[in-house]
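All values below were derived from every heavy atom in this structure, side-chain atoms included, with hydrogens, water molecules and symmetry-related copies excluded. Letters go in sequence order (proteins before strands), and every chain restarts at 1.
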Number of protein chains: 2
Amino acid sequence: MPTPSASAARDAAKLEYDAFLAACPSRQLLDRISDKWVTLVLAALGGDGPVARQPVSTAPRPLRYSELSRRLAGVSQKMLTQTLRSLERDGLVARHVVPTVPVTVSYELTELGRSLQALMRDVKDWAEAHMDEVLANRDAYDARTA
Amino acid sequence: MPTPSASAARDAAKLEYDAFLAACPSRQLLDRISDKWVTLVLAALGGDGPVARQPVSTAPRPLRYSELSRRLAGVSQKMLTQTLRSLERDGLVARHVVPTVPVTVSYELTELGRSLQALMRDVKDWAEAHMDEVLANRDAYDARTA
DNA sequence: CAGGATCCAGTAGGATACTG
DNA sequence: CAGTATCCTACTGGATCCTG
């Protein structure tokens with residue numbers, strides 16, 4: 001199944017699925033991945049560098065559950081677990097359990113996950129890079145409508 | 001031109017803002033743009049072609065409110081209006097009112113909006129392109145945990 | 001046509017407590 | 001450590017009615 005049909009299937013899929021249609025499964029998938037925590041989890045697991053800022057600093061490596069919860073400041077354990085389960089089910093992250101005591105669990109991106117992470121990282125970077133501009137626009141809008 | 005918040009600040013912004021921090025404004029912005037309807041509205045206004053499939057078909061042009069609601073199948077008028085207002089306030093879309101009777105309102109992407117749309121289009125395309133793979137992963141996961 | 005205003009159900013998501 | 005289970009609230013978002 002996973003063979004050279006990669007690019008061929010990709011092209012066919014683009015014609016099959018259309019997120020503009022309410023009933024299309026891709027609409028649900030879009031809804032899933034359009035999530036703050038999904039973006040941040042992927043970013044954390046993928047290393048936060050724009051491309052390869054410092055190959056040493058935050059290189060993509062498996063992260064422990066506790067590392068993730070520390071990295072994603074403010075995330076509740078419920079949302080973190082829920083997000084991780086969802087990503088695991090969709091095959092975007094792989095979960096590794098080492099039966100030490102207490103157990104050691106780590107997460108890392110799959111190939112599929114990395115392909116999405118590359119896109120989501122850009123979105124996260126966009127948000128950080130254009131924050132000032134957006135803030136200024138909001139002020140202008142609010143002043144205009146006040 | 002010693003403006004502290006002009007272009008120099010943009011570069012610094014990448015270092016200033018960090019969506020991993022709960023209190024950072026960019027976290028809120030990330031939350032805003034990580035929205036199904038935002039993605040779809042931007043895609044609709046930007047033309048849905050992957051890059052330039054048919055320069056004639058769905059070229060980026062201003063869209064009427066009713067055109068948008070038809071394009072985004074299943075969107076409620078509340079969500080559409082709310083999304084458009086939010087995008088307008090953030091300076092991602094421009095709203096044009098022509099005082100005919102009844103009024104004619106159209107929306108188009110701003111420069112800033114186009115910069116984000118380019119990223120979000122990739123995300124939407126990703127969802128459509130990898131739908132089959134994700135679906136297969138879900139089946140495998142569900143079978144495994146059943 | 002392009003919304004504004006309400007009402008209301010569903011659920012996302014936080015806080016807390018417990019467990020292998 | 002890495003969760004699961006439960007409770008509970010607040011907000012999301014759809015449906016409906018109304019207007020310039």
How close or far is atom [atom2] of [N] from atom [atom1] of [X], stated in whole angstroms?
| X | N | atom1 | atom2 | answer |
| --- | --- | --- | --- | --- |
| B/L63 | C/dG3 | CG | C1' | 17 Å |
| B/D31 | C/dG13 | CG | C1' | 12 Å |
| A/L80 | C/dG14 | CG | C1' | 14 Å |
| A/L72 | D/dA2 | CG | P | 14 Å |

**OP:** Could I get the full list of side chain to side chain contact (heavy atoms under 4.5 Å, CB included) partners for A/A136, not counting sequence neighbours?
**Re:** none
Subject >> Distance test, side-chain N/O of B/T104 to OP1/OP2 of C/dC1, below 4.0 Å >> reply: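 So the side-chain polar atoms of B/T104 never come under 4.0 Å of the phosphate oxygens OP1 or OP2 of C/dC1.
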**OP:** Establish, with yes or no, whether the OP1 or OP2 oxygen of C/dC1 is under 4.0 angstrom from a side-chain nitrogen or oxygen of B/R64.
**Re:** no
Original post:
Are B/F20 and A/L40 close enough, and set up right, to give a side chain to side chain contact (heavy atoms under 4.5 Å, CB included), and what steps lead you there?
Top reply: CA-CA 7 Å; B/F20 279 125; A/L40 291 175; 4.0 Å; yes
Subject >> Sugar-phosphate or base contact per nucleotide [nucleotides 3-20 of chain D; S, B, -; heavy atom under 4.0 Å] >> reply: SBB-------BB-B----
Original post:
Less than 4.0 Å between a side-chain N and a carboxylate O, is that true for A/R70 and A/E67?
Top reply: no
Subject >> B/K36 side, atom NZ; A/I33 side, atom CD1 - distance, nearest 0.5 Å >> reply: 12.5 Å
Original post:
Which pair of non-hydrogen atoms, one from B/R71 and one from B/A44, has the smallest distance, and what is that distance?
Top reply: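 Closest pair (atom of B/R71, atom of B/A44, distance): CG-CB, 4.2 Å.
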Original post:
Are B/L29 and A/M131 close enough that some pair of their side-chain heavy atoms sits under 4.5 Å apart?
Top reply: yes
